[in-house]
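The next block holds one structure in the form of structure tokens; read it before the comments.
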Amino acid sequence: MLKRTLLGFTAIAASTSCVPPALRQAGHVAAVPVRDAAEARTLLAGLALDAPVEPLERAFASPARLTDASLTPAAAPAFTGAARSEDDRQRAIACLTAAVYYEARSESTDGQRAVAQVVLNRVRDRAFPHSVCGVVYQGSTRRTGCQFSFTCDGSMNRPRDESAWARAASIARAAFDGSVFAPIGASTSYHAASILPWWAPSLSRVGAIGAHVFYRWRGAMERALTFRQHYAGLEPEPIAGPATTLAATTLASGYTGAIESSVTVHRGRAAPDAEAIVPSPPASALASTMPSPASVSRRASASMSAPLMAARSWQRAARCR
């Protein structure tokens, strides 16, 4: 009797969960390959990112001489870019400290170092701004989203824990001065372990550190973008944003990136609120290469349809209570 009762409770719990069983462990989601430069540009557009066309086309046109695994560095190169002035250096460290504090304040030292490493990896990636503050505050001028959600959701308006801030500052300063957190390698994206963003199957999963799962570009995209950009040394000055007093930034002279067109791509709240935090890519950006729900149902065996539609289905159902 007890066994039947437990089995019945398990069945009820499974049927009422907001998280589809196939998606409870993101590591089991099948990869969605990016097959050419056009699909790479579509993926970047869905992430509200941009990159030079020529390196992408050249990378996809050249035969891969190395496997995906061998392209992953054992550790990212040390960040050795010099700020152009002491003010730029201090602004860079302050922006990096904010990212570590607001993204990973409750994480272990490794979890905080991983977030700092992602920021510095992005600075040297062709798809992102080439300043620390430009990376951290990318998209914060938009009301609809930002790359790091703390820059546009009002988190920075709340009182700061000075002890935790000092700890984050110590980690940020060490990273800026060349300390490398090797386990995440070339990662440029991450998300909370409680969600599964639509973009995850198109990137290469590196691993989990604390509450976050980390990803790098895959294949030709990695060859074209990763560590192919130099730090500019100029750091933007903070300006007022729509929801956060110091959320947005204006870019310093010399940077012309797309700070006004970003979305949150790496993190989110628990699954019930995932739809609001990790939006699906714009329909117009994905129409050319991603299958529609109708076409996917007709072609369920297509190589990229199952994981992509599973992720979207989760996002649509994520508001169940």
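Looking at heavy atoms from C-beta onward, Phe214 lies out of side-chain contact with Gln117 at the 4.5 angstrom threshold. Side-chain contact check for Arg89 versus Asp177: some heavy-atom pair is nearer than 4.5 Å. Residues Val100 and Val119 fail the side-chain proximity criterion, which asks for heavy atoms closer than 4.5 Å. Ser189 is listed as a side-chain neighbour of Leu203, based on a closest heavy-atom distance under 4.5 Å. Here the side chains of Ser179 and Arg113 are in contact, with some heavy-atom distance below 4.5 Å. Looking at Trp217 and Val34, their side chains never come closer than 4.5 Å, going by heavy atoms from C-beta outward. Looking only at side-chain heavy atoms (C-beta outward), Arg228 and Pro55 stay at 4.5 Å or farther from each other. Contact of the Val136 side chain with the Phe150 side chain is registered, since non-hydrogen atoms from C-beta on lie closer than 4.5 Å.
For the atom pair OG of Ser106 and OH of Tyr101, the computed distance is 10.5 Å after rounding to the nearest 0.5 Å. To the nearest 0.5 Å, atom CG of residue Asp50 and atom CZ of residue Phe128 are 11.5 Å apart. Taken from OG1 in Thr109 to CD1 in Ile209, the straight-line distance is 12.5 Å, to the nearest 0.5 Å. Atom CE of Met156 is separated from atom OG of Ser140 by 9.0 Å, given to the nearest 0.5 angstrom. Between atom OG of residue Ser187 and atom CG of residue Asp125 there is a gap of 11.5 Å, rounded to the nearest 0.5 Å.
Counting heavy atoms of neighbouring residues, nucleotides and ligands inside a 6.0 Å radius, atom CD of Glu54 does not exceed 12 of them.
Gly178 and Ala78 make their closest contact through O-CB, 3.4 Å (heavy atoms, listed as atom of the first residue, atom of the second, distance). Minimum interatomic distance between Arg167 and Ser108 (heavy atoms only, all atoms of both residues): NH2-C, 3.2 Å. Ala31 approaches Pro33 most closely through the heavy-atom pair O-CD, 3.6 Å. Met221 and Leu43 get closest at one heavy-atom pair: SD-CD2, 3.8 Å. Summarising the geometry of Gly81 relative to Phe176, their closest heavy-atom pair is O-CZ, 4.4 Å, with the distance given to 0.1 Å. Smallest separation of non-hydrogen atoms from Ala76 and Phe227: CB-CZ, 3.6 Å.
No donor-acceptor pair closer than 3.5 Å links the side chain of Glu107 to the backbone N or O of Gln112. Between the side chain of Glu235 and the backbone N or O of Val132 there is at least one donor-acceptor pair closer than 3.5 Å. Without hydrogens or angle criteria, Asn121 side chain to Thr188 main chain gives no donor-acceptor distance under 3.5 Å. Side-chain atoms of Arg124 come within 3.5 Å of backbone N or O of Leu120 as a donor-acceptor pair. In this structure, Tyr215 contributes its side chain and Ser202 its backbone to no donor-acceptor pair below 3.5 Å. Judged by distance alone, the side chain of Arg173 and the main-chain N or O of Thr97 form no donor-acceptor pair under 3.5 Å. Distance alone, capped at 3.5 Å, is enough to place a donor-acceptor pair between the Arg126 side chain and the Ala224 backbone.
With salt bridges taken as basic N to acidic carboxylate O contacts below 4.0 Å, one links Arg41 and Glu57.
Judged purely by distance below 3.5 Å, without hydrogens or angles, the side chains of Ser155 and Arg158 pair a donor atom with an acceptor atom. Side chain to side chain, Ser131 and Arg91 fail the donor-acceptor criterion of an N or O pair below 3.5 Å. Of the N and O atoms on the side chains of Arg122 and Gln138, not one donor lies less than 3.5 Å from an acceptor on the other residue.
Cluster annotation: Val118 and Tyr102 are assigned to the same hydrophobic cluster (Ile/Leu/Val/Met/Phe/Trp/Tyr, side-chain heavy-atom contacts under 4.5 Å, transitive). The hydrophobic clustering, which links ILVMFWY residues whose side-chain heavy atoms are closer than 4.5 Å, places Ile184 and Trp199 together. Residues Val123 and Val180 do not share a hydrophobic cluster, clusters being chains of Ile/Leu/Val/Met/Phe/Trp/Tyr side chains in contact below 4.5 Å. Note on Val135: it clusters hydrophobically with Phe79, by side-chain heavy-atom contacts below 4.5 Å among ILVMFWY residues. Residues Val115 and Val213 share a single hydrophobic cluster, defined by chaining ILVMFWY side chains whose heavy atoms lie under 4.5 Å apart.
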Working for side-chain contact (heavy atoms from CB on, under 4.5 Å), residues Phe60 and Arg223
CA-CA 9 Å; Phe60 278 96; Arg223 295 195 298 274; over 6 Å; no
What's the verdict on side-chain contact (heavy atoms from CB on, under 4.5 Å) for Asp153 and Phe148, showing C-alpha distance, side-chain angles and the deciding distance?
CA-CA 9 Å; Asp153 67 3; Phe148 292 91; over 6 Å; no
